[in-house]
Amino acid sequence: MLIHKNFIGGNIKVVSQNDNDVYVENELRDTQGDWFYWAFCVENACGKTITFHFQDVRLGFYGPAVSHDLKEWRWLNDKGENEFTYTFGENENKVYFAHSMLYHPDRFLRFASAKSLDVEEFCKSQKGRSLPCVKFGSGERSIVLTSRHHACESTGNYVLEGLLEELIEHPIENTKILCVPFVDYDGVVDGDQGKSRAPWDHNRDYDYNVPSIYEVTQKIKEYVAINGCHYAFDFHAPWHWGEQNDKVFIVHKSFEQVDRVNAFGKIFEESITEGSAKYYCKDNYEFGKGWNTAVPSFARYMLMREENELAFTLETTYFGLRDNVVSQEKMIELGRCFARALKRFIVEKEGKNPLVKA
């Protein structure tokens, strides 16, 4: 039996093992403090029943996410407090397990190809990889969409995929769009936590008074300096689980945009379909509450620009509660609902005269 992390997004350390029990822990790498992301592959365990034990609480409500191809994911729905047991079929030679449903960069490339989107190199990553982006549409209005400022937060990519699909099929006129789906691309590929990366993570690299240390964040700043940023949305996942973290919610990033964000939130809630993960405007997280303070972030940087109409973070739970269980399909549909809400918000706010502030 082979247990390894040799794939995009892999993260695990095997502490010890015998025939029926494997003891593992996740790798924090350069994350300051604790975090919970892990992902590993098991090969050559056909016919065996193995219990995997973690040294801390690393499992969600429904056990691990399980895949055979890094494309389709399901919940195992079997776990103990810090462990899960899996019986491998006689021909089940390779199985992937992860904290949550991973979003492989190849999935984005396949999506872009299917939608006839050209994937461009936005810049080089810190490790010299070609960091992808897509640009489409034209006009005076500029929308910037990002995800994976924290490498492990894969649910945001599913939402972003649905959002892009809807905007491609039903464009917002007079609008150009930049999408950077993997801001911390090295972290996504290497399987890092990404959150609280030393000396600071990608989402803290937007201080107006401090130069950016990551090439990608500097390039995003340069792009909006040239093209403007009338609308900016950053797709994240919150902490592991519990209370607010089990919901889909908008994070307010200023007091000045509260009314506009709530107006969008009401439209967004009305746009949610039966097949979507559920969102309720009442769950929006107030600015100045708890951890939501005036620290540098992508959304705060964008909303401080003079032309900006709306900028915020959308947090999408890793697992969801029993009446709102996360799946790949529900997250993608949530993105479609977001796009419809955005189009309606722009039409209702700006009317027939684009870029006119209410």
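Computed from a prediction, not measured in an experiment: that's the story for all the values here.
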Given side chains that start at C-beta, do those of L131 and F182 come closer than 4.5 Å, heavy atoms only? no
Indicate yes or no: at least one non-hydrogen side-chain atom of K135 is less than 4.5 angstrom from one of K176. no
Describe, in one word, how the ring planes of W241 and W239 are oriented to each other, choosing from parallel (under 30°), tilted (30 to 60°) and perpendicular (over 60°). tilted
Can we call the ring centroids of F233 and F338 under 6.0 Å apart? yes
Ring centres under 6.0 Å, that's the criterion: do F54 and W38 meet it? yes
Side chain proximity check, Q55 to V15, heavy atoms < 4.5 angstrom: yes
Under the 3.5 angstrom rule, does the side chain of Y62 hit a backbone N or O of G320 as a donor-acceptor pair? yes
Do K278 and D323 sit within salt-bridge range, that is, some charged N less than 4.0 Å from a carboxylate O? no
Under the rule for ring pair (Phe, Tyr, Trp, His ring centres under 6.0 Å), what residues qualify as partners of H252, not counting sequence neighbours? none
Rounded to the nearest 0.5 angstrom, the OG1-CG distance for T317 and D283 is 11.0 Å
For the aromatic rings, using the six-membered ring if either is Trp, is the centroid distance between F7 and F40 under 6.0 Å? no
With respect to D184, which candidate in K195, R148, R197, Q126 satisfies the side chain to side chain donor-acceptor pair (under 3.5 Å) definition? R197
Carboxylate-amine/guanidinium contact D246 R322, below 4.0 Å: no
Test side-chain contact (heavy atoms from CB on, under 4.5 Å) on I12 and E27; report intermediate values, then the result. CA-CA 6 Å; I12 203 68; E27 299 175 305; 5.8 Å; no
Taking atom types as modelled and ignoring hydrogens, do the side chains of N157 and T155 form a donor-acceptor contact shorter than 3.5 angstrom? no
Is the charged tip of K282 near the ring of Y280: under 6.0 Å from the six-membered ring centre and within 45° of its axis? yes
Taking the side chain as every heavy atom from C-beta outward, state whether Y318 and H240 have any pair of such atoms under 4.5 Å apart. no
Give me the one residue out of Y214, F235, Y206 that meets side chain to side chain contact (heavy atoms under 4.5 Å, CB included) with H149. Y206
With heavy-atom distances below 4.5 Å as the criterion, would you say the side chains of R340 and E166 are in contact? yes
Check for me whether the distance between the ring centres of Y301 and Y208 falls short of 6.0 Å. yes
Stepwise side chain to side chain donor-acceptor pair (under 3.5 Å) test for Q328 and Y158: CA-CA 7 Å; Q328 294 169 290; Y158 289 103; 3.1 Å; yes
Lys/Arg-Asp/Glu bridge criterion (N-O < 4.0 Å) met for K124, E215: no
Identify whether V159 and I168 are in the same connected component of the hydrophobic contact network (ILVMFWY, side-chain heavy atoms under 4.5 Å). yes
Heavy-atom side-chain proximity of L59 to F319 below 4.5 angstrom: no
Kindly check if the number of other-residue, nucleotide or ligand heavy atoms within 6.0 Å of NZ (K48) is above 12? yes
Ring-ring centroid check H99 F36, cutoff 6.0 Å: yes
Between V326 and M331, is there a side-chain heavy-atom distance shorter than 4.5 Å? yes
Is any side-chain N of the basic residue among E333 and R336 closer than 4.0 Å to the acidic one's carboxylate O? yes
Are N308 and Q257 close enough that a side-chain donor and a side-chain acceptor fall under 3.5 Å? yes
With side chain to side chain donor-acceptor pair (under 3.5 Å) as the test, would you mind laying out the steps for E121 and S130 before giving the verdict? CA-CA 6 Å; E121 178 179 284; S130 180; 2.8 Å; yes
Is any side-chain N of the basic residue among D186 and K127 closer than 4.0 Å to the acidic one's carboxylate O? no
Would you say the side-chain atoms of T146 and D234 include a donor-acceptor pair closer than 3.5 Å? yes
Would you please classify the geometry between the H53 ring and the Y23 ring as parallel, tilted or perpendicular, with 30° and 60° separating the classes? parallel
Side chains of I220 and F122: does their closest heavy-atom pair fall under 4.5 Å? yes
Going through the distances and angles, do F52 and Y86 end up as a ring pair (Phe, Tyr, Trp, His ring centres under 6.0 Å)? CA-CA 8 Å; F52 298 91; Y86 191 86; 8.0 Å; no
Salt-bridge contact E222-K219 (side-chain N to carboxylate O under 4.0 Å): yes
Is there a donor in the side chain of E315 and an acceptor in the side chain of H236, or the other way round, less than 3.5 Å apart? no
